[in-house]
Each structure stands twice: as structure tokens, then as C-alpha cells.
Amino acid sequence: MMDDPFEIDEFAASPEMRLQDAPAPDYLANLNAEQREAVEALDGPLLVLAGAGTGKTRVLTTRLAHLLETKGQTERLHPQQILAVTFTNRAAKEMQERVAHALGRPVEGWWLGTFHSLAARLLRRHAELVGLQSNFTILDSDDQVRLLKQIMDAEQIDQKKWPAKQLMGIIQRWKDKGLSPERVNESVEFANGGAKYLYKIYQERLAVLNAADFGDLLLHCLTLFQKHPEILRRYQETFRYVLVDEYQDTNVAQYLWLRALAMVHRNICCVGDDDQAIYSWRGAEVGNILRFESDFPGAKVVRLEQNYRSTPHILAAASKLITFNDGRLGKELWTELDTGEKVFVKGVWDGEAEARLVGEDIEALQSCGIGASQMAILVRAGFQTREFEERLITLGIPYRVVGGPRFYERQEIRDALAYIRMVAQPDDSLAFERIVNVPKRGVGKATLQTLHQYSRDQAVSLPAAALDLIGTEELKPKMRQAIGGLLGDFKRWREMLETTSHVAVLETVLDESGYTDMWRTSKEIDAPGRLENLKELVSAIGEFENLTSFLEHVSLVMENEQNADQEKVTIMTLHAAKGLEFDYVFLPGWEEGVFPHQRAMDESGVKGLEEERRLAYVGITRARKRATVSYAANRRIYNQWQSALPSRFVDELPDEHVERISDTGLGNHRGNVSPGAWGADDWMKMPSWADNKPAESYNPYGGTGERRFASAGWQDRVRKNVIDVKPDGETSYTTSSKSSKYKVGDAVRHRKFGPGTVKAVDGNKLEIHFEGVGTKKVVDSFILPG
DNA sequence: TGTGAGACAATTTTT
DNA sequence: TTGTCTCACA
């Protein structure tokens, strides 16, 4: 049953009834003055600037409960008239549970979720008004790029020069800004003609395929609002109260969407922290916070500054760090908690030692009776999790990786989903392409090329093209039979859907298509596991009303299944850790180039650096009792050793709140070092970073380095030579001291291609002519001065 | 059409 | 080291 906001049902139970039944809720108890103010200002625009650990979630929860309770009774506010937007599905789920808990009864029917899931819900009802059918497919980023690649093939665009992935990034960023192809064209700001053209074709193609990508969900809504003010009007009237969490991370499209919907009742409450804005790479605009007061004149602003989470040392260290950023709104966090431990900063020899150190600390904590679920390892990037996983496996410590490879990203699940998509939505070209030859049906490149050609020329989807072509001599008889058979199957399965449950249909599809047989007869070692996963998928689909809602769930909501019953150490990225808290937090990999990440600085200069710093701030403030920062002097990457400098953030932490263990050498760590760990003396053997030696010539186990950097201050000296952040955003960084940025005409050397001359420079990518090898495109970190 | 060998380039964050 | 891509050959 679709819930329609225009036709709000009467209450199942009358307000009077509930008043008697429910005990008087005490959710308002134990709030401090500011929190209470934020909770009770129900009407009118409200901006809550909530620092880390100030009870933001609590305020949101209580506010929602308060709304439902008071307005539900006095003004017959129905849950369906509340629009509550969170940043992640996890947060939405948590909110649902907490509000239910506070009220002592479950709340249903309200519009609670992420921007994308809410926009999708809204869009499905009006899809035909933006040129889609209501069963449109939502493409994941993989499919997006594949589709763009096809378009570029057809347009004969050199994908070496313009990688589809990169162009898709540009297009998505336009969508983040709320710019449709037409709007991009009008806009003077963007000069990239090629990308504009591709964007237009891409959107046309999406319409033919009856598909929308992530950005479209919001963008189509905006178009809908613009072209059909009467529809917008009805939603505006419906949503009497709007709540937004993590407001600092909304992008322009989301902001426009919100503003459009909140403009009539103006009961909008946004909660955010400018110091925790870490998604500008995804188009988020911190400026939305500043704009709030001008959009909603007379808006009330409440600041939450009392931190309930962290010890004073942790709080002070994080606060000091974030002051290195300019242009903050400025908050002063304070706490009443007792002084706890200082923030630990540990320098180690290499990544392995770092993992060992963290492992030891975790073991030590466990032996004190502290549960593993109170500990987290927060890394900058996904690939860093592996070292820690390996170490924890060796130690036998249970852990879980949040945001790792997802269930539905597995090959067999994606294949099965492609079958479901084809059944649910006959025009899904990408799904068709994926499974047309899985299991093998003899349909190869040549055949597909013919189909693509036809589908482009006629502006129809791939399956539609196939349907046309099997009736012609265009394809070989064998192909016609194979594809015709498959299309016939799909037709049959679709008809079957009308009479049979979709669970049974899915089983039939997987069976009759030969897909399960393919794995059953497969000799691959993980084939049985894949069959298991398929079974799981079949059982999961049973919980949904129809295939479309299942597919939407998979692409927008579905999260990794985690059995939370066991005590486990959490490993995740800093981004994923936003909004969470742990007693003991490990923050490894604080090295220049890793964190702050090189790419962030290359692409956005000082702005990028500040965002990285906010990320560091988020990391430290996740900790309640202890934060341990660590950095390694060397990292082995693909069997090659690379030396690294400690992150500048390490230096920015205030000494009075930090305990640095690297200064006295590693041997002093806790007074005991496991056999094989590097002692103080080994620290002296550090390779000299100032030398112009290629990184791979180091052998950290050979001990051939020179004694050089034993004294304090060397970091600064080396860094001055090496890193050069220019104010306008141009950054250059390299581990060899003499080179700054390469320019055209420079003589350089590549470890494989030998000497060469720079022919062209594009960011950190160089086009170099190598003698006897030819012209190559390489990244400048692989280049040494000639 | 399917495959296997060899060339090549190289590391973010996610709804 | 590893994933992706191309090209030659079966």
C-alpha cells in the first residue's frame, strides 16, 4: 500500500485515548538549557550549531518525540506530516528506534530517511511527469560509468585522454549543484563543452532506459517542483515540520530540495557542525549553514557547546587542531568531565609495527575487561584496513569492517539482481548486457556491437533493439535463437509475476536461466559460497511487496549484515565514523600524503587540506576515554618501500594535551617491546629523507641508512623543503627534496622507461617522451629529476 | 567466440 | 602486487 501524503488517514487511535494509555513521557528530563531550548522551539526556523559530542542525536530524538506528543494532541499533527532527513540509513534507523523508545510506542508513516531515499519515494509517484515510468531503475555508480563508456565508444571519444570515471565525476558534481543539462548549458561558469555534451546524451540515454542515477533522484524532484508548482504546493502544505541532521554536509541540490519543501510552513530545524563538514568532495556546501539565516529571516540559532563525550585532554587536543582552519563559525567546546588520559601519539617504523602496536593495545585493554565493541580503528582510506585485519586475525581478536565490500557488490548477487531488474523493468539495458551471456549463450562482442549500434541509432534500449533484430537477418541464426530464447523467457517470467509470488518467480528465473546450474557445476572454490549467497538473496526478497521496492531497497538502503551480538573491534574509515563514538579510538596512518591525503591537497589545495583537518577533528572527537594517533616512517606498498613524514596534524596537536612516544624512541613504549619490534636504535637507521634517493632503494631490514634525524625539529626542516602549499590551491608534493613541480622541457627519469623529457603537464600527470620508448603518460610521483 | 599471455599503470572519502 | 586492458591465437 502506497502511503499518500495528500490523503492523511485519521488516527488509528484517537489522541485522547493515547493520552490516557501512555505514561507521561519524561523525555524532556535531563536536558541542559541549550538543549532544551533547541527541543522546545518547535515553530519557526531553527538552526542548531552542535559541536562534537554535545548530544546532537539526543536533541533530534527528543525534538521529534516532543513534536509527535504535543502537536499530535493539540493540532492533530500526523506523522506523515513530518519530514526528517538524516545523512545515513543507519542514522535514520537509530532515530526511528530512539523516538519509539522515548514515546513508548512505535511511530510509522513519517518521512524519515536519507535525502536519496526520500526523494526516490516522492519521485516514484510522479515519475511520468519527468519522463520516467514509476518502476524506473536506480543505477549504481558502476552502471553509471558503464553507460557513459558506451556513449563515449559510440561518440568515438578517446577514453585514455578522458576517462569515463572522471567525466562521470564532473557530471555528478553538476547534479550535486542542481544543474540539469539545460542549466549547465546556460551557466557561464562551466566551460567544459565536451562534458556538457556528454551529460546531455547521458541524460537522454537514461530516459530511454527508464533509469535514474543517484543525482537524478534529487534533480528530477527539483525539475518536478519547478514545472509543476501545484504538486510542490501540496507537498509544502503536507510537510508541516522539517528536520535535517548533518546539515553541514548538504549539497546545493539537497538544499534547494529542502528549501522548496519547507518554504510554506517554515518549521525547519537544521542541525549541523561546520567543523565536521567532510563531504565537500561530494558537492556539500558548508555555505548552506551561513545561508540559512538569510533564507529564513528571524531564524533562531542555538549553539550546543557542552561536550558530554570526551575527556578534557581529548577535547582540548581536537579543539586546538581545528583552530588551524580559517573561516570557522567558531565554537568553544567545554566539558565537566574529569581529566583523563592525554592523547597518545606514537611513531613507529612501518605499517606492520603499527598494526602490531594497535593489536597489543587492544589485547591490553581486553585483559582489563574492556569489551571489544568499545574500541575502534579509524583509517583514512579503505585499503588501510587490511593490515589491521591481518593482525587481529593473528591475535584472534574478533572485528568487523564497516563499509567494506557489500553483499550486493558480489558478482553472483549483481548477476542475480540483473535478472531481477530485467524482469521488473524490460528496458534495463545495463542489466541485459550483464546477463545476456551469463551463463554462456555464445553471445559475444560482435553481436553486442550490432545490438548497441542499432539501439543507439533507433534510440531504444538494448533489449528492445534485440527484440527488433531477432526478426531480421542482421544477426546470425544461432544468435537469433539464443537471444530470442532469452527474451521469450523474460516475457514468460514477467507474466508469471502476475499470478505467482515474486519469491517463486526469482527462484524460477535463477533456475530456468541456468544461472544456479552455472555455479553448481563450477569448479571454483567459492562456488558453494556463491550459491549460499543466492539463497540468502531469495529469502531477502520475500520481505518486500514487489520487485521494484526490493530493488530500490538494495540500491538505496541496504546495508551490510552485521551480527551485532558478538563483541567486536570496529574497523572503518573516518568518514563512516561520523556520528559514532567509542571509548578507545585508534587513529593510524597519520602521515603526509596518506592523511592529509595527497589527492585532497592536489585537487583542492588549502580547502582540501582544511577538510582533511576537519576529518582529523572528527576522528579525535569520536573518542570518549582515549585516542591513540600513530604514524609509520615507512610503508610497504606492493613490495616497495616508501618513506613517509609524520602528518602535519601530528605537529598541530598541543603538547600539553598529548603524550608523544616517538620522541624518546620506540623502545620506551609501555616498557616492553615484543621481540622483533624496532628499538630506539633502529629509529636512528631511518633512511635519510632529504637525500634524493629513490624510495625503493631502501631496505629497512638492511640497516644501511645514516644517522641523521635523531634530533627534534628535523620534521620541520625536511618538510619545508618538500611540501609547498600555495594559497590558491595549487599544491605540489614529492618525497625527493630538490624537485618542486615539473614543467615542460624538464629532463626527468622514470624507473622503468629511463631518461625522458616532459612534453606536457596536466595536474600531477605528465606526458613524457622517453628515448627509445616513446611518449607515455605517467604520474609525477613515479618520476625523478633527470 | 573464448582464452591466455603480456603490457601497463598505480593507491579517497559515499548516498 | 594486482587489476584491467589489448591482442593474438585456438
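In what follows, chains are A, B, ... by sequence order, proteins preceding strands, each numbered from 1. Side chains are part of it too, since the values below use all heavy atoms of this structure and drop only hydrogens, waters and symmetry mates.
The phosphate of B:dT14 (OP1 or OP2) has no side-chain N or O of A:Thr88 nearer than 4.0 angstrom. Between A:Asn437 and B:dG2 there is a side-chain N or O to OP1 or OP2 distance below 4.0 Å. In this model, the phosphate group of B:dT14 is approached by a side-chain N or O of A:Thr573 to a distance below 4.0 Å at OP1 or OP2. For C:dC5, the OP1/OP2 oxygens have a side-chain nitrogen or oxygen of A:Lys149 closer than 4.0 Å.
Considering only heavy atoms from C-beta on, A:Glu412 comes within 4.5 Å of A:Tyr515 through its side chain.
In this structure, the NZ atom of A:Lys165 is 11 Å from the C1' atom of C:dT4, given to the nearest Å. In this structure, A:Arg614 places its CZ atom 20 Å from P of B:dT12, rounding to the nearest Å. Here the P atom of nucleotide B:dT12 and the CG atom of A:Leu574 are 15 Å apart, to the nearest Å. Here the C1' atom of nucleotide B:dT14 and the CD1 atom of A:Ile138 are 16 Å apart, to the nearest Å. Atom pair A:Leu556:CG and B:dT14:C1' shows a separation of 13 Å (rounding to whole Å applied).
Ring pair A:Tyr279/A:Phe87: centre-to-centre distance below 6.0 Å.
Using a 4.0 Å cut-off between charged nitrogen and carboxylate oxygen, A:Glu352 and A:Arg391 do not count as a salt-bridge pair.
Among the nucleotides B:dT1, B:dT14, B:dT12, the one closest to any side-chain atom of A:Arg599 is B:dT12. Distance from the side chain of A:Lys440 is smallest to B:dG2 among B:dT14, B:dT12, B:dG2.
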